[in-house]
Amino acid sequence: MSKLPDTSWAKKGGSRDYITTRPLSWDIGKKNSGWVLTIPAGREFESSVPRPLRWVFSPDDPFFLKSAVIHDTLLEEGFRRAFADSQWFEAALSVHAPGLRTWLAYSGMRARRFWKWVFLSA
């Protein structure tokens, strides 16, 4: 069983389920890359899990909160979905999230995007 990650930088609340309590920094690409995403204190975010999958994945899973805030921030700043998804995956790995759950969640996220691209784009 993996040790639970530190989530003291966030608390339950806000209009989107969670809010950052202090700034959170994320090195994009690799540690010390020089490209740092800084998420300010007070940033609201959510950890979205489709309702039919909540028996497997909890939106309150501490292993995926860091991933969720990084993902939401990147999307809302205009980055491409594939890039934001990749950073979701990297953030989950950075806190030692369970491998199978991480892989399944990431694969589901990418499969959903692919489905929408193939069948819903005009």
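Below, all heavy atoms of this structure are taken into account, side chains as well, without hydrogens, waters or symmetry copies.
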Undergrad: Starting from Trp9, can I reach Trp88 by hopping between I/L/V/M/F/W/Y residues whose side chains sit under 4.5 Å apart?
TA: no
Undergrad: Taking Val69 as the starting point, is it possible to reach Phe79 by hopping between hydrophobic residues whose side chains are less than 4.5 Å apart?
TA: yes
Undergrad: Under a 4.5 Å side-chain heavy-atom rule over Ile, Leu, Val, Met, Phe, Trp and Tyr, are Val56 and Phe63 clustered together?
TA: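 In one cluster with Val56: Phe63, no.
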Undergrad: Between Thr20 and Gly42, is there a donor-acceptor pair closer than 3.5 Å when you use the side chain of the first and the backbone of the second?
TA: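 Yes; at least one donor-acceptor contact below 3.5 Å.
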Undergrad: Would you say Phe83 and Phe114 are hydrophobically clustered, going by side-chain heavy atoms of ILVMFWY under 4.5 Å?
TA: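 Phe83 and Phe114: separate clusters.
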Undergrad: Do you know the tightest heavy-atom contact between Gly29 and Gln87?
TA: N-OE1, 4.0 Å
Undergrad: If you compare all heavy atoms of Ala91 against all heavy atoms of Ile70, which two are closest, and at what distance to 0.1 Å?
TA: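 Looks like CB-CD1, 3.7 Å.
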Undergrad: Heavy atoms only: give me the nearest Met109-His71 pair and the separation to one decimal.
TA: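 Of all heavy-atom pairs spanning Met109 and His71, the closest is SD-NE2, 3.8 Å.
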Undergrad: Are any of the side-chain heavy atoms of Glu76 and Arg43 separated by less than 4.5 Å?
TA: yes
Undergrad: Given Arg80 and Leu75, is the side-chain contact (heavy atoms from CB on, under 4.5 Å) satisfied, shown in steps?
TA: CA-CA 7 Å; Arg80 289 182 166 260; Leu75 287 177; over 6 Å; no
Undergrad: Hydrophobic cluster membership, with links at side-chain heavy-atom distances under 4.5 Å among I/L/V/M/F/W/Y: are Leu24 and Ile28 in one?
TA: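 Result: yes, single cluster for both.
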Undergrad: Can you tell me how the ring of Phe64 sits relative to the ring of Phe57, calling it parallel under 30°, perpendicular over 60° and tilted otherwise?
TA: perpendicular
Undergrad: Specify whether Tyr18 and Phe45 have parallel, tilted or perpendicular ring planes, treating 30° as the upper limit for parallel and 60° as the lower limit for perpendicular.
TA: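 Answer is parallel, since the angle falls under 30°.
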